[in-house]
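All residue numbers refer to positions in the sequence shown, counting from 1.
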Amino acid sequence: MKKFTKVTNKISVYVSYLSMTAVVFIMLYMTLDVVLRHLANAPIRGGYEVSTLAMVILIFTSWSYTQTVNGHIHVTMLVRIFPKIPRFIVFGVTSLLSAVVMGIGTYAAYLASIQKYNTNESTGMLLIPHWPFMVIECIALGFFTLILLRDAIRAFMAMYNDEIAEEITSTWT
């Protein structure tokens, strides 16, 4: 499990580079649009469409990294006072439910990407196809689901492994 955690953590760092690239792209693109709009009265055509599609990349590729570095909110105020085994049963079950919900979201994104590919749906002005961005969303959600499932398994393992239990509870505030 340690090796799997190490590999998935490393992959999530690389996936987060897509998110970071999207942030920089959106900042530069919007800055250029504003400058051109005010100085030359020539806004970038389709600026809203491009920034919206870049937001898809930004949002969905950041989730797995945020989970990896324990950046998502865990409400552990009540769970923290439970005895060790019930504490990690509750934490594991909620983590597993999160993985199931994200798995359903992954499947929905998969179906949407197929539907958008089959209908050739694209943006209104620049005619950028939606399906590649839906595929990125689907892959990112799938990886996030895998990270959540890994964390659920680790939570159940923490019931009998003090090292994992300490590692998990060290991030609880």
Side-chain angles (χ1 to χ4, degrees), residues 1 3-75 91-155 171:
M1 192 59 163
K3 191 170 193 169
F4 182 71
T5 300
K6 190 174 183 176
V7 168
T8 53
N9 286 353
K10 187 170 279 252
I11 292 170
S12 73
V13 169
Y14 290 122
V15 170
S16 74
Y17 291 156
L18 286 171
S19 182
M20 293 177 211
T21 303
V23 167
V24 171
F25 172 77
I26 291 169
M27 288 186 326
L28 294 174
Y29 192 82
M30 290 289 99
T31 301
L32 183 62
D33 186 34
V34 169
V35 168
L36 288 174
R37 180 183 313 268
H38 290 290
L39 293 181
N41 197 22
I44 298 175
R45 188 172 166 233
Y48 178 76
E49 292 175 353
V50 172
S51 61
T52 302
L53 293 174
M55 278 293 227
V56 170
I57 295 170
L58 166 67
I59 291 167
F60 290 104
T61 58
S62 66
W63 289 358
S64 59
Y65 177 74
T66 306
Q67 180 67 22
T68 299
V69 296
N70 300 308
H72 290 290
I73 297 170
H74 294 282
V75 181
F91 192 70
V93 166
T94 57
S95 297
L96 191 59
L97 286 173
S98 297
V100 167
V101 169
M102 284 299 111
I104 293 168
T106 302
Y107 181 67
Y110 169 74
L111 293 177
S113 63
I114 290 173
Q115 184 261 336
K116 290 185 187 303
Y117 178 78
N118 289 335
T119 60
N120 291 323
E121 188 175 322
S122 61
T123 60
M125 187 176 290
L126 298 178
L127 301 177
I128 301 169
H130 285 166
W131 70 266
F133 298 92
M134 292 301 297
V135 169
I136 291 170
E137 176 185 339
C138 182
I139 292 169
L141 280 175
F143 187 64
F144 181 50
T145 302
L146 182 68
I147 297 289
L148 289 170
L149 188 58
R150 176 203 72 185
D151 289 350
I153 292 168
R154 291 183 75 239
T171 61

Original post:
If you measure from CD1 on Ile26 to OG1 on Thr31, what distance do you get to the nearest 0.5 Å?
Top reply: 11.0 Å
Original post:
Taking atom CD1 of Ile139 and atom CZ of Phe60, what is their separation to the nearest 0.5 Å?
Top reply: 13.0 Å
**OP:** Take atom CG of Asn41 as the centre, draw a 6.0 Å sphere, and report whether it contains more than 12 heavy atoms from other residues, nucleotides or ligands.
**Re:** no
**OP:** Step through the shown structure and confirm whether more than 12 heavy atoms of other residues, nucleotides or ligands are within 6.0 Å of CZ on Phe91.
**Re:** yes
Original post:
Taking C-beta and beyond as the side chain, do Cys138 and Thr106 meet within less than 4.5 Å on heavy atoms?
Top reply: yes
Subject >> CG on Leu141 to CD1 on Ile136, rounded to 0.5 Å >> reply: 12.0 Å
Original post:
Which value, rounded to the nearest 0.5 Å, describes the distance between Arg150 atom CZ and Gln67 atom CD?
Top reply: 7.5 Å
Original post:
Do Ile57 and Phe25 come within less than 4.5 Å of each other through their side chains, counting heavy atoms only?
Top reply: no
Original post:
Does Val23 reach the side chain of Met27, with side-chain heavy atoms less than 4.5 Å apart?
Top reply: yes
Subject >> Rounded distance [0.5 Å steps], NE2 in His130 versus CD in Glu49 >> reply: 7.5 Å
Original post:
Does any pair with a residue in residues 93-119 pass ring-ring contact (aromatic ring centres under 6.0 Å, His included), and if so which ones, sequence neighbours excluded?
Top reply: Tyr117-Trp131
**OP:** Mind listing the closest non-hydrogen atom pair of Gly46 and Met125 along with its distance?
**Re:** N-SD, 3.4 Å
Original post:
Should we count CE of Met1 as having more than 12 external heavy atoms under 6.0 Å?
Top reply: yes
